Each structure stands twice: as C-alpha cells, then as structure tokens.
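Letters A, B, ... mirror the listed sequences (proteins, then strands); counts begin at 1. Please read these numbers as outputs of a predicted model, since none were measured by experiment.
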Amino acid sequence: MKYNFNEIEAKWQKYWSENQTFKAENNSDKPKFYALDMFPYPSGAGLHVGHPLGYIASDIYARYKRHKGFNVLHPMGYDSFGLPAEQYAIQTGQHPAVTTETNINRYREQLDKIGFSFDWSREVRTSNPDFYKWTQWIFIQLFNSWYDKSEEKAKDVTVLIEAFQKNGNNGIVAVCDEDTPAFTAAEWNGFTTAEKESILLKYRLTYLADTEVNWCPALGTVLANDEIVNGVSERGGYPVVRKKMTQWSMRIAAYAERLLQGLTQVDWPEPLKDIQRNWIGKSVGAQVRFKLMDHDAEIPVFTTRPDTIFGVSFMTLAPEHELVGKITTEAQKEAVAAYVEATAKRSERERMADVKTISGVFTGAFAEHPFTKEPIPVWIGDYVLAGYGTGAVMAVPCGDQRDFDFAKHFELPIPNIFKDTDITEQAFADKENTVIDNSDFLNGLDYKKATAKAIAELESIGQGAGKINYRLRDAVFSRQRYWGEPFPVYYVNGMPKMIEKEHLPIILPEVEKYLPTETGEPPLGNARVWAWDTNENKVVSNEMIDNETVFPLELNTMPGWAGSSWYFNRYMDAGNDSEFVAQRALEYWKDVDLYIGGSEHATGHLLYSRFWQKFLFDKGLVPVEEFAKKLINQGMILGTSAFVYRLENTNTFVSKGLIEGRSVQPIHADVSMVNASDELDVEAFRNWRPEYSDAEFQLEGGKYIVGREVEKMSKSKYNVVSPDDICKEYGADTLRMYEMFLGPLEQAKPWNTAGITGVYSFLKKLWKLYHNGDDFEVSDAKPSSESLKSLHKTIRKVEEDIDNFSFNTSVSTFMICVNELTAQKCNSRAILEPLAVLISPYAPHIAEELWQLLGHNESIATAPFPVFEAKYLVESTKTYPISFNGKMRFTLDLPADMGKEEIEKIVLEHEKTQAQLEGRAPKKVIVVPGKIVNVVG
RNA sequence: GCUCGAGUGGCGGAAUUGGUAGACGCGCUGGAUUCAAAAUCCAGUUCUUUCGGGAGUGUGGGUUCGAUUCCCACCUCGAGUACCA
C-alpha cells in the first residue's frame, strides 16, 4: 500500500469530527492546558500559507499536551466584525453578515483541511448576538464602575454615590476628568439628577466626553492611536485629522501603572513587553504651577527635571491650550491667532514630516517664577503637544535640546545652571553628571538630590508636587460604522442610560445604506427601527420617540477591539446563555497557558485585553489578573515574488540573465506560473492577461528565467501560496511539518515551495518503515540497541524542542531518526509504535493511520507520550575531538570512563599529535573528560 | 534620532552551561535503475589548496587553553516609536 495522504487525511478528519475527539471537558481530574491562537478576521481572500503558521505551532503543542495527560482547551473562532465586510457592503449592498458568513465558511473549510485539533463546539464569532450580548454587558459593567486610586481598584459607582452623599468628593482619590469640580455633600445632594449624572460621567470607566479625536474622513470614522501608523490610517493609508467630537472613551489610563507592573508577571517576549512599556510611557517628575502675572490664572506644567527649575527662561504652551485665548495681549493677538490657525490646519502627518522647522509666537503674557519671582515670557509653539502632560512646558534651554533650539531661534536667554559645562553649542542633558549651579538652594546638588529638594520646596510654597505621568491616553471607543457591536445605550435629555442586562442583546438594526446619513450621522442613523421603549423594554420604530418613554438609541458602534478584549474567557464556556462565563468554568480553566499570535497587536488587542481582564478581575468576575501566562509571537511568512522584465515601451520580455545594461521594467508575475528552477511557463503567462497574449520573449538556454524577491505575501504582489494547493499536492501533514521546518517560529522567513519535497519524502520514508513492499508489516522481535538508541535520542530531543517551541529542529530530528531506522532495517513494533506517538503532534493523520494499522482501535490523540530512558544512550566509548590551540585536527575513540591523565598520555603519544606538534613540546594539555582535548603548543 | 532584534555555504537554517562550525532539508554535480522520463536509491557538495594542509560564522579589537556563543567599538538589515517636556 502506498502512502495515500489524500485518502488518509480525509478519513481522519472525518473521524475526529464524528467522534468529537478534541472536545474539551469543563469537568476533569486531569490538569488543564489552554492553548489559544489569536482568532482571525475572516477576510474574503481566504488563508494563505502564512496564516496557519501559529495555528500549527499551537496545535502541535496542544496535541503534545494531550499525549502528556492534560485536558486541553484548544478553541478557534472569528473576529468577525470589521471594516472590509462593511466596505464591501457599501460598494455592493451585500449585507456584511452575509459576506462574513461566506468568508467564515471558506476559512473553516481551509482550516479543516490542515487537521487542527480544535474543539469546534466552542467556536465564537464576535458578530454573533449570543457573543456580543456579553460584550455589551461588559460595557455596562465598565459604565457602572470607577477607579479608586487609594486602593488601585475598580469599584461600583454605587459606592461612589454613597461617598458623595456623605462627604462630597473630598477624600475620594479617583481617576477622573481633569475638570472635575470639588463639591460637598450638601452640594451633591442639591444637584439635579442631570447634574449628578454629568458628574458621575467624569468618573465612570467608560464615559462620554468631548475629546480631540483622530478623524479619518475617507473612512468616515474616528481611529484609536494604535490604528494610526505614520500619521495615516493603518487600514487603507488615509489621512487623519484632529477633531473635537463627543465620543465614548475607555479610562484605560487609570490602569497604566498596573498594566506596566503586570508585565513582570507574564512570560511574554521581551521585545513585545518593551513595546507596551514604551506605549504606556511612564515618566517620573513633578507638576509645577506657574502663576501668571496680570491674570488670576496658573499654568500647570509637567517636568521630569524639577532640579532645573532655576534654568527656566520662558514657557511654551501648545497652540491648542485653553489659556492661549485668555492671556494673549492685544499687541500679539493677530500673530497668535494666525499661528493657532496654521497649526490647526496642518495634518498630523505634516506636523511629523518637518520636526526640524522651529516655529512659535510670543503671547505677550508673563508668568512668575515660583522662587525668583522673575517674569517669564509665555510663548506658544507646536513642538508642545496638547495631548501630553498639561500641554505646557517650562522651558529650560540649557538642559533640553528642543528648548535650546527654540531659544536660539527666537534669541531668548539661555542661562546656565550646570556647573562646569559648556552650553554654547548644545544643551547639557546628562543627568548622571549633573551638578546644579546658580540655583539658590539647589547649588552643588546632583540630579537626584536636587530633584528631591526642588519638589519639597515646591510643596512647601504650594506651587507643585511630585508627579508621575503616562503617555498612555484613554482610548476612544466609538466608531461611526455599521458593522460593529451596538451600544446598549439610549439617551434621555442627552444623558446616556444603560439598558438592563435582561434585555440584551441589543441587536444591530437593519439599514438600507451603510454610509453615514446626509446629516453626517453614523450609518445607524439610517435605521428606521432604532429607538428604546422603556416601558416595553424593546427596540421600536424611531417614529415612536417621544423622549418620555421612548428614547433614541446610540448611533455609534463599538470598535474592533471590543469583542477581542475578552473572547478568550468566553471559550471556557462558549454556549452559556445566562453568564458571560460560568464561574465554575473560570475556576477550572483560569487563564491561557499558551497564546500564539503576531506582535503587531502589542499596542492594540494585547493592551486592551489586559485592561479589560484587570477590570473584570477587580470586579471579581475573573480569577486572574493577567489572561495569558505565556505568549509567543510567530514570525511572518513572506512571499517570494517573481518578476518578468519588459523592455520599455514594448511587449518583449527579457530573461533575467539578459537584462544587464538594458532598460527594462520589472513586473510581478504570478508565482503559480513559475517552477522551482525559476523558469516561467511562457504559455501560461500569455494566457494570464489579454495584454500579454502577444508577448514576445527573449530566452536564455531556451528558458525564460524570472527574477526573485522576498516581499510580504499579498494578492497584489501575485506571490500568494494557498494552503489548499499544498494540501492537495503533498498533504496536510507535509504542510504542517514543512511550515515548522522553515525555521524558528518567532522569526520572519520566506516561503519557498521548492523545499517541500524534502519533508514529503520524509513522510514517505516514515510510511515505508512500517511496510514491506505494499504490505503493512512490523515484527515483535526485540529491537536492536541501535534502534533503541535512535528512538530514545529522538524522544529526548523532541520533548526538549517542544518545551522550547523549537519545532524546526524537531523536524530535523525526526528525519535523522527515520534515516537511521531505515539504515538499520528496523521494523520492530517496540520502536515503531512509540515513534508514531512521537510524530503525531506534527503529522497527526499519518500517525493515526499507522496507529490503527498497528492494531489500535482508539485515536492516537491521547496515547501516552513515550518516556525517555537514559540507559539506552549509555556509550562505552567517546569520540574525542583532539584540538591544537583550539582547532580540531583529528578525533580519537577512547573509553568513556577513561581518566584525565590516561587520556592525556594516549593523546600525546599518538602519531598524529607528533605530526601536529612538529617536534615542539606541548606547553599545556586541557582534558575535559567526555568533551574535548586541547593541546597548546 | 531613540528603543529593541538579527547578520553563519548558492538557499532555508543547525550547533546543550564557551568545547568537533555548517546537523537536517532544498538546490547543484556525478552514478545506479529506466527505451526514456518521473519516482526511487547511492556518492559528493563552506572556500581555498602545490592534496601535506590552510582559512573561515558582518567588520575591527578584547577575555579564554578554546568564542557563532561572553565583553567593547563599528557597519548593514529588520521591527517598534516619532518633538513625551
């Protein structure tokens, strides 16, 4: 019988599905293991060979853990809300739900063919009302919570209200809006309901606020910071402008410190943690309040260098700063207004493009130095960002390069406050070697001491305090799109109200058009049935809105990261209708033991998920604060594009070797038309597109050779390789092993189908080991000691590799093992049976088939993993490398238990040693028993 | 600019705590089998060489009996970030 992978793979995929082989139990005496992949957005293009890389790795690990006796949860689902389906809907009128369903089916088919051990009974789809019901519910929990700084914990808003009733907000240390006023209990109790609501919004963990948002006109929606790359939208590359809008926001900044600290508790790649740390951007310093002269106002600034306070020679406000309008003098009004307007017009991108141009305008106003009482001119400049710190800086030109450049440009004074430094050319920013001078009570102190002293003095005069600042901003949570979770929110007199849990989900309404309305409302503004009836507790027609019992519903939808911020918890108890997850399921599964996915989610999904998890933890809804113990970033699989070279202004194509010195234009050719030797199928190319039908070719050696280049795998580059094609031609087991064989999981690497034959012939060789000619045949004879050695070497190495996620080296190890066993003509059951188990995580189909042929009636999936026994590897001799001055020159077989002195003696007496030394006497001989001999001389 | 990560044959890559550099696979070369091809099998394949050897892991230096591995400086590529006070 030949190795018929098509038949075998179809057979076992059917078997697994029918027998629910990989269904995980929520009740089990076995230890649990939760292996998770970042779930995909089901795009219309389907999967290419790069997508399953991480899934294969986690599948190998999951299968391995089953062999090791674990109860494994290995689920898969779809992040099925998203822009592409909506864009497609706008173009074609096709409902996004329909497109999404089609795409999901396609994905499922592709995934099934690769033989993953997913528990499909737990599949989730974020766009499914059964799922987003709970996304809406979590949103409500956030709305009903505030962050207590004194205990570093989210708490229920009812606790806050009680405190307000008793003591006002004095004594409440909370994360809230900057402009939250102070009030007494009497004042609170005197507020109207609307006033109370508006105050509470300043505390809620999700809140509605006028915020400067990143508005993307082309997409017609706002974007979060992490959705903008280089000043343009991540998706589509459209320009983004700043705009003030009323939006839902998430108070993620409240969790900045815990998000930072939590990183020390998880086993995630260090570079990924670094990205998160940078994004959170903690800086320690002080808040200093500068009194304005001639105004009853103050400018608060944040500085990391309070020690340099005597070096302040001017201040700079962001052009958007609220004080700019108030303090600008008559004489400067015109110049300031012009500058503010010019800045507002400049897009984020332009502003970033020229960071070298120094610009700014004097407001005419002066602040007063807190210690010297000297007047300090107040400027505005766009190098100060409105969104960071207080949107204002105290400029210390002698110690900060930007302040220095600004001062030089506008000829402002640059007083030097550092002892023995030269600041004629540039600022002195070296904290380590700082000695403060010309600074009154700070003179002679170093950076650390001066900072502490400055803060203490500022506190004593009531004009400042130590402060920690974070770069992490609250996250905008509204999107002006159709295909997302609707908010469970309706509005009474402009104040948001939550819909009760019992009435969820609030299902996405039907609309005729997926575009914004004519009045600029989000697409949900097109819905005719989109009002909340507070008597009936259901969604009713807009015509019934009377703002007494029927109210308008929220028109925005939630962003892409809403569903993905908690889906990993849902898998633990996916079908639950009455809870987001049953506590019992949470207690058993707790957290993800292994999470595999791309590092591009570092500042999006992986940060937001940690935030929600911490929130849910605070509320006692989940048992652990970090949802994923270990995380691995799989590297991207790149495509190998093929190029043909067209002579300019002709339809003649020149083979790669002949383009030298000629004026040619490289054009992507579809990689499916090119063979492993880079030869183009000329006929296929002519048939590819009408404009090439009469193409002429200049060949070399009768062949057209294409150029190759490694690029991202994408449709537009015609370098996409589909896993379906590979499965059809070589089988899923080959695909799985080859993807692993390509190189280390975490590294980016190019795909090259040519190399796959090596893995394919390996599987054929493996098959042959169990066969004699066409017949299955294994013997019950005692295995040879060589075979036992080959097997146990392999067990040890493979186990070690899986523990280290070094799957590429395992594949090599299997190859070596099969090569050795073939050479030994081994067909002993005692070797081949454990070998099948060993290989089954990697190549599960062939392993199942061989397992069955070996006489087993049950799936191999839970067969115990072979146990390594060192006794089979004990060697009586050791081949010593004999090196001279560190270079290996020859080897010598010596008894493994031979002592140092004896080895040295034998080596020195050896004729080759004499030849190497050429008569010189050895200065020194290093003998490391069991390792090496090194002769120095 | 700053912060990370990586540089090893024609290619993908391997090398345990510093101890035989190039495992394994592709490709290539030669051979067997075949009418021929595919498939399969065998041998070779870092460079260089006067066939004894010699050199060699981005470059230069250092530590060491011994460095792909550790340290310093530099070069190149990739990723993240973008005036963060």
* Asked: Under a 90° cut-off about 0 for the syn range, is B:G52 syn or anti?
  -> syn
* Would you call B:G61 syn or anti, using the 90° rule around 0? -> anti
What's [X] touching, base or sugar-phosphate or nothing? Going by heavy atoms closer than 4.0 Å.
{"X": "A:Val936", "value": "sugar-phosphate"}
{"X": "A:Arg277", "value": "nothing"}
{"X": "A:Asn469", "value": "nothing"}
{"X": "A:Thr304", "value": "sugar-phosphate"}
{"X": "A:Lys273", "value": "nothing"}
{"X": "A:Thr757", "value": "sugar-phosphate"}
{"X": "A:Asn819", "value": "sugar-phosphate"}

Measuring only the [atom1] atom in each nucleotide, how far is [N] from [M]? A whole number of Å is fine.
{"N": "B:A14", "M": "B:C84", "atom1": "P", "result": "39 Å"}
{"N": "B:G13", "M": "B:A6", "atom1": "P", "result": "14 Å"}
{"N": "B:G54", "M": "B:U29", "atom1": "C1'", "result": "25 Å"}
{"N": "B:U76", "M": "B:G66", "atom1": "C1'", "result": "29 Å"}
{"N": "B:C72", "M": "B:C24", "atom1": "C1'", "result": "36 Å"}
{"N": "B:G19", "M": "B:A67", "atom1": "C1'", "result": "10 Å"}
{"N": "B:G1", "M": "B:G12", "atom1": "C1'", "result": "35 Å"}

* Asked: Quick one: which of A:Ile299, A:Val384, A:Val301 gives a side-chain contact (heavy atoms from CB on, under 4.5 Å) with A:Leu317?
  -> A:Ile299
If we call it a pair only when both distances are under 3.5 Å in a Watson-Crick or G-U wobble match, what pairs with [N]?
{"N": "B:G44", "value": "B:C28"}
{"N": "B:U16", "value": "none"}
{"N": "B:C83", "value": "none"}
{"N": "B:G78", "value": "B:C4"}
{"N": "B:U33", "value": "none"}
{"N": "B:G9", "value": "none"}
{"N": "B:C70", "value": "B:G62"}

* **Within 6.0 Å of CD in A:Glu711, more than 12 heavy atoms from elsewhere** => yes
* To do: Check whether more than 12 heavy atoms from other residues, nucleotides or ligands sit under 6.0 Å from atom CD of A:Glu270, and answer yes or no.
  => yes
Selection from [options] that lies nearest to any side-chain heavy atom of [X]:
{"X": "A:Leu385", "options": "B:G56, B:A85, B:C24", "result": "B:A85"}
{"X": "A:Pro881", "options": "B:G13, B:G80, B:U20", "result": "B:U20"}
{"X": "A:Ser761", "options": "B:C26, B:C65, B:A85", "result": "B:C26"}
{"X": "A:Asp382", "options": "B:A85, B:C24, B:C83", "result": "B:C83"}
{"X": "A:Gln747", "options": "B:G13, B:U81, B:C65", "result": "B:G13"}
{"X": "A:Met815", "options": "B:C24, B:C4, B:A85", "result": "B:C24"}
{"X": "A:Tyr383", "options": "B:A85, B:C83, B:G56", "result": "B:C83"}
{"X": "A:Pro744", "options": "B:A14, B:G25, B:A55", "result": "B:A14"}
{"X": "A:Lys749", "options": "B:U20, B:C24, B:G12", "result": "B:G12"}
{"X": "A:Lys924", "options": "B:A82, B:A39, B:C65", "result": "B:C65"}

Rounded to whole Å, how long is the line connecting atom [atom1] of [X] with atom [atom2] of [N]?
{"X": "A:Asn885", "N": "B:A55", "atom1": "CG", "atom2": "P", "value": "11 Å"}
{"X": "A:Gln634", "N": "B:A79", "atom1": "CD", "atom2": "P", "value": "16 Å"}
{"X": "A:Phe890", "N": "B:G53", "atom1": "CZ", "atom2": "P", "value": "12 Å"}
{"X": "A:Phe762", "N": "B:A23", "atom1": "CZ", "atom2": "C1'", "value": "15 Å"}
{"X": "A:Lys793", "N": "B:C24", "atom1": "NZ", "atom2": "C1'", "value": "13 Å"}
{"X": "A:Arg889", "N": "B:G54", "atom1": "CZ", "atom2": "C1'", "value": "8 Å"}
{"X": "A:Trp268", "N": "B:G5", "atom1": "CH2", "atom2": "P", "value": "19 Å"}
{"X": "A:Ile903", "N": "B:G19", "atom1": "CD1", "atom2": "P", "value": "18 Å"}

* To do: Could you check A:Thr390 against A:Lys768 and say which one's nearest nucleotide on RNA chain B is further toward the 5' end?
  => A:Lys768
* Structure fact -> Note: for A:Arg796 and A:Val935 on RNA chain B, the residue whose nearest nucleotide lies more 5' is A:Arg796
* Asked: Ring centres of A:Phe314 and A:Phe406 under 6.0 Å apart?
  -> yes
* Asked: How are the rings of A:His605 and A:His601 set to each other: parallel, tilted or perpendicular (split at 30° and 60°)?
  -> perpendicular
* Asked: Ignoring hydrogens and angles, does a donor from either the side chain of A:Lys931 or the base of B:U20 sit under 3.5 Å from an acceptor on the other?
  -> no
* Asked: Do A:Asn934 and B:C65 have a side chain to base donor-acceptor pair shorter than 3.5 Å?
  -> yes
Side-chain heavy atoms of [X] within contact of [Y], under 4.5 Å:
{"X": "A:Leu745", "Y": "A:Gln634", "result": "yes"}
{"X": "A:Ile380", "Y": "A:His321", "result": "no"}
{"X": "A:Glu739", "Y": "A:Val49", "result": "yes"}

* Asked: Using a cut-off of less than 4.0 Å, is there contact between a side-chain N or O of A:Ser283 and OP1 or OP2 of B:A85?
  -> yes
* Note: A:Arg277-A:Asp274 ion pair, threshold 4.0 Å (strictly below) -> yes
